[in-house]
Amino acid sequence: MASLFSRERVLGHSRRDSFSSTTTTTTTTMPSPASSRFTTNATAISLSSLPSPFGDLTPNLSSTDLRDTAYEIFVAACRTSTGKPLPYISNNTNNGNGNSNSSPSSQSNSNSSPSFQRSLTSTAASKMKKALGLRSSSNLGSKKGESSPSSGTGSGGKGKKPMTVGELMRVQMKVSESADSRIRRALLRVAAGQVGRKIESMVLPLELLQQFKSSDFTDQQEYDTWRKRNLKMLEAGLLLHPHMPLEKSNAAPQRLRQIIQGALDKPIETGRNNESMQVLRSAVMALASRSSDGLLDSCHWADGFPLNLRLYEILLEACFDVNDETSIIEEVDEVMELIKKTWGILGLNQMLHNLCFTWVLFNRYVATGQVENDLLYAADNQLAEVAKDAKATKDATYAKILSSTLTAILGWAEKRLLAYHDTFDSGNIDSMQSIVSLGVSSAKILVEDISNEYRRRRKNDFDVARSRIDTYIRSSLRTAFAQRMEKADSSRRASRNQPNPLPVLAILAKDVGELASKEKEVFSPILKMWHPFSAGVAVATLHSCYGNELKQFISGITELTPDAVQILRAADKLEKDLVQIAVEDSVDSDDGGKAIIREMPPYEAEGAIANLVKDWLKTRIDRVKEWVDRNLQQETWNPRANEEGCAPSGVEVLRIIDETLDAFFQLPIPMHPALLPDLVTGLDRCLQYYVTKAKSGCGSRNTYIPTMPALTRCTTETKFFKKKEKPASSQRRNSQVATMNGDVSFGVPQLCVRINTFQRIRIELEVLEKRIITLLRNSESAQVEDFSNGLVKKFELTPAACVEGIQQLSEVLAYRTVFHDLNHVLWDALYVGEPASSRIEPFLQELEQKLTVIADTVHDRVRTRLVADVMRASLDGFLLVLLAGGPSRAFSRQDSQLIEDDFKSLKDLFWANGDGLPTDVINKFSTTVRDVLPLFRTDTESLIEQFRRLTLETYGTSAKSRLPLPPTSGQWSPTEPNTLLRVLCYRNDDAASKFLKKIYNLPKKL
């Protein structure tokens, strides 16, 4: 089956990578053996399926009736190739009359289908799901108290034996254990009386009716429901939906109809050697044995259309997890293998399976709220197999079913595609490609493989896919344009009482431009797969729609009013944008895009003024950006370049922006308020670009934090006799810091200059915004409403970029100082060998010198933040030495006091007798260290006990036999197992050594 779905998808499914690989262990609550109903504590999705394309069935058969019959067919079909029946597997299930089943044959699995009874213990991913691109339900976890049917739980929640494929199918189809055991018991009885007879030669409902009496059921109501269902199934299969048409001259149908109706009105007693049942058997077999091919070893009772398709659809739907209606079970390969065994009874083949499976996948996507795109992708892939089948057969019955199914899919798809702008947005755009593919593929099959007219007359000159996409584009964009026209008109009416309201066509031009951009960026890349010039068709449609409105406006212009200037400028810009998209889209076409361009006659708008302003703005903005690039290449970030400690390039970029604003307001145009936002946006982006370029290459805090070393045991027996020396791991740690260490432009003083520059820009932006308001008020075109309506656009991108840049560089500076500049007195020296002789004082002395340089260089408004980041980095480094210092460090309980004294000294350095950081800031950043340090004075036995308890709480009772090695998270905490383990690793006593040796056998060297 996996080979059927090998067609590669164009769009990737990277979001599936985000699913957790951890399977959540949950519990399924199963009914008691005596219960006749299946229950689950999972919250099922409310399904809202489309009408079935296979046709209507009799209303006398409920979905439960069909499901129960489908399951009976499934169990009966899963017999061995020798014709032996499936054994009944006893679970001490009550058979309905208070007696347990203890048939000898029920105690053996020797005759069962190997795949049916196979234990579901494999965790390998389904090949079919992988080929279809479907997600794995085990990767999604489950809600508390829920379980996938394939989670391995035994029946009834009592046993722990692995679930078999047969048991899985029972759970998936919501069949109770008592009903399942009854079916198997009946099959054993049938097999005992008809040895060697194939299941295809039996009428299953008839055989079941002959095997049981009312005493075999829990209560009379259950028996009546069961009996009526089998009678109604005989009616549906032999009378309402027969395999072969019923001849009017044949009296057998009327006879059977009377018998069934009588049995429904006046219940007959079922069971063996019953006269009523013999009459029923005679009437049933007279119809079921009819065959067009003359074969006598098959009975046609469930293979009439559309009954067989509906039953098969129910079986295929059982492939979906009952606890997650959008997810196919992991065991779908094995289950599908068994489901296909029903083909002989249902009269199906591979082509009908492909078609039915396509519909099931598609309908499940629709029914579950269109939220799981994997189902849509899978349906699209499966439809490719249907397309191959459609070309390979001319069977009239198949063609009829194919037509109704594809018509349903196409109708659903086109309802969305004819107005795809209303259907799709950023939240569901991933589904558009598959919906388009489904619609186009369905249309192609309907036209090319079913329509005789296409084969006869239009095969060589008609592209179905391109025609459909062209229709979708033009229809959707005309609808979208009309909506935006109405929106623009509403905006105009809402502002008509205000002075100088923006013209409708100017608003509309902007909206149409945004619509075209969205079309090009979002929709055209998808539609281009079927129409090579989809973007060109889209902009040609928009050009025509807007052109009709503009033509009426131009015909009424008598003078060049401000409204006319705005509209003409907007129209000219819109046309250029649309033509550009069309040209780019048609560059590879045979005519170079001439056909599309011919659909776009020029507006002939007099946009000279607007073009002049537009070009001017573009030139100035580009010039500023070029200046930024050129000057940043020459910038040295010298802290002594000026008194403010800022970069000269930053001062210059602010000056040039100021000059640009002056030049703009001197332009002789009446459109300063309308164009000012564009100008400010451009300048804002230039400043943002400067900030981004200035901080690029500086790295981040993670650049300097070394990789966590492997967990080891301290070398306690030799460490006191060694001279302090640089650990072998030091060089490796140094190699993991930033690659730009040799570049002086990224040193601590240079980083301070960058931070100062960003702070200066933040302050100057406030001055610039006030100056813009002054310039606008002094311009002749300014109105009071220009200010109240928010036309004075503020810088939005740059302030956020400056804040982000200061935050990033502050952390970089702090962690570089601690983990790189002071690495030799922190990692290489602190507590190496004897802790009492290698304490924190050298580190504090050099750190104080660094802080002095920083405080003298950095701007006073960001000084506190920077010093706080240095403190945070210092505390991180202090903890890293204590908890991940490698085998060269070991601590006794007596060392805890000197460690706590060193911690206090580190805090005192930043407090600086009240002249440093505020006490609340120091307490905030030192919380983790303060919480962890008490572990160093805790006795070893208590540490071991805490570690065992926390490990068991974290990993469950399964950890009692052997404690797992807790992973290193780096989030130190006294209640985190890995933190406790590391304290034990560096605990210098025999108890810790014996415990670690026994449990983990940790090495003493890296």
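Count residues from 1 along the sequence.
- Both tests hold for Lys625 against Tyr689: distance to the six-membered ring centre under 6.0 Å, angle to the ring axis within 45°.
- Taking every heavy atom of both residues into account, Pro639 and Pro749 meet most closely at CG-CB, 4.0 Å.
- Remark: side-chain polar atoms of Gln688 are not paired, donor with acceptor, to backbone N or O of Leu797 under 3.5 angstrom.
- No side-chain heavy atom of Arg754 sits under 4.5 Å from any side-chain heavy atom of Leu813.
- Using a 30° and 60° split on the angle between ring planes, Phe903 and Phe878 fall in the parallel class, below 30°.
- Put simply, the side chain of Ile763 reaches to within 4.5 Å of the side chain of His859, judged on heavy atoms.
- In this structure the side chain of Val983 never reaches within 4.5 angstrom of the side chain of Phe891, judged on heavy atoms.
- When side chains are defined from C-beta on, Arg701 does not count as touching Val812, because their heavy atoms never get closer than 4.5 Å.
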Report task. Determine, stepwise, if the pair Arg655 / Asp658 fulfils salt bridge (charged side-chain N to carboxylate O under 4.0 Å, His left out). Result -> CA-CA 5 Å; Arg655 184 186 62 81; Asp658 200 61; over 6 Å; no
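- By the 4.0 Å N-to-carboxylate-O rule, Arg623 lies too far from Glu626 to be salt-bridged with it.
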Report task. Test Glu976 against Thr979 for side chain to side chain donor-acceptor pair (under 3.5 Å), laying out the working first. Result -> CA-CA 6 Å; Glu976 194 254 342; Thr979 304; 2.5 Å; yes
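- Comment: Asp662 engages Arg771 in a salt bridge, judged by a side-chain N to carboxylate O separation of less than 4.0 angstrom.
- Side-chain contact check for Leu875 versus Thr928: every heavy-atom pair is 4.5 Å or farther apart.
- Under the 4.5 Å side-chain criterion, counting only non-hydrogen atoms from C-beta, Leu847 is in contact with Val870.
- Between Asp902 and the choices Lys907, Gln897, Arg839, the side chain to side chain donor-acceptor pair (under 3.5 Å) rule is met once, by Arg839.
- The distance from the CG atom of Asn978 to the CE atom of Met708 is 8.0 Å, given to the nearest 0.5 Å.
- Under a 4.0 Å N-O distance rule, the pair Arg863/Asp860 does not qualify as a salt bridge.
- A side-chain donor from one of Thr968 and Arg982 sits under 3.5 Å from a side-chain acceptor of the other.
- Closest non-hydrogen pair, Phe819 versus Pro706, comes out as CD2-CD, 3.6 Å.
- Distance check, rounded to the nearest 0.5 Å: CH2 of Trp827 to CG of Leu822 gives 15.0 Å.
- With respect to the salt-bridge test (charged N to carboxylate O, under 4.0 angstrom), the residues Glu953 and Arg949 qualify.
- Contact annotation: the side chain of Pro648 approaches that of Glu635 to within less than 4.5 Å [non-hydrogen atoms, C-beta and beyond].
- Residues Tyr815 and Asp876 have side chains that bring a donor and an acceptor to within less than 3.5 angstrom of each other.
- Taking OG of Ser888 as the start and CG of Asp828 as the end, the distance is 9.5 Å to the nearest 0.5 Å.
- For the residue pair Arg760 and Asn756, no side-chain donor N or O sits within less than 3.5 Å of a side-chain acceptor on the partner.
- For the side-chain contact (heavy atoms from CB on, under 4.5 Å) with Phe947, the lone residue among Ile944, Leu950, Thr951 that qualifies is Thr951.
- Taking every heavy atom of both residues into account, Ala647 and Trp637 meet most closely at CB-CZ3, 3.3 Å.
- With values rounded to the nearest 0.5 angstrom, Cys802 atom SG is found 7.5 Å from Leu687 atom CG.
- Between Phe936 and Arg987, the shortest heavy-atom contact is O-NH2, 3.3 Å.
- Using a cutoff of 4.0 Å between basic side-chain nitrogens and carboxylate oxygens, Asp908 and Lys904 are scored as salt-bridged.
- Taking every heavy atom of both residues into account, Ser810 and Ile755 meet most closely at N-CD1, 3.9 Å.
- Surrounding CZ of Arg620 are more than 12 heavy atoms belonging to other residues, nucleotides or ligands, all under 6.0 Å away.
- Within the 3.5 Å criterion, the main-chain N or O of Gly886 finds a donor-acceptor partner in the side chain of Tyr986.
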Query raised in the report: side chain to side chain donor-acceptor pair (under 3.5 Å) between Ser649 and Tyr690: does it pass, once the steps are laid out?
Result: CA-CA 9 Å; Ser649 58; Tyr690 173 86; 2.8 Å; yes
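- Distance check, rounded to the nearest 0.5 Å: NE2 of His824 to CD of Glu846 gives 3.5 Å.
- Rounding to the nearest 0.5 Å gives a distance of 9.0 Å between CD1 of Ile899 and CG of Leu830.
- Contact of the Leu851 side chain with the Phe910 side chain is registered, since non-hydrogen atoms from C-beta on lie closer than 4.5 Å.
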